[in-house]
Amino acid sequence: MGMQVQLKRPELQEFIDSEVRAGRFPSADAAIEAAVEQMMFDRAAEDIDNETAAAINLAEEQIDRGDGTDFHEFAWRMRQRFSAV
């Protein structure tokens, strides 16, 4: 059985209700779950050190420039490379 949440601030309840009415979430529970997941993601992102963040940013820039390799092409190359061994 899940926990029950009661929001003390009416504007928060209204916001969640409006998100559900707009079809962004199937229920208030789903909206709250999404908010908690986002908080967890944000917390994990805080744990990334500067070097890792820089590497991620560099990789995203390379992908944006088209410097990336398609996964299927990469996998094919690796199969070719290692099947010859």
Original post:
Distance from E19 atom CD to E14 atom CD, nearest 0.5 Å?
Top reply: 10.5 Å
Subject >> CZ/R21: more than 12 non-hydrogen atoms of other groups inside 6.0 Å >> reply: yes
Pairs under 3.5 angstrom only: tabulate donor-acceptor contacts from the side chains of residues 50-63 to other protein residues two or more places apart or in another chain.
residue, atom, partner, partner atom, Å
T52, OG1, D49, OD1, 2.7
N57, ND2, A53, O, 3.3

Original post:
Is there a side-chain contact between Q80 and R77 (heavy atoms, below 4.5 Å)?
Top reply: no
Subject >> Closest contact, heavy atoms only, A31 versus I16 >> reply: CB-CG2, 4.0 Å
For residues 32-45, which side-chain N or O atoms pair as donor and acceptor with protein atoms under 3.5 Å away, sequence neighbours left out?
residue, atom, partner, partner atom, Å
Q38, NE2, D42, OD1, 2.8

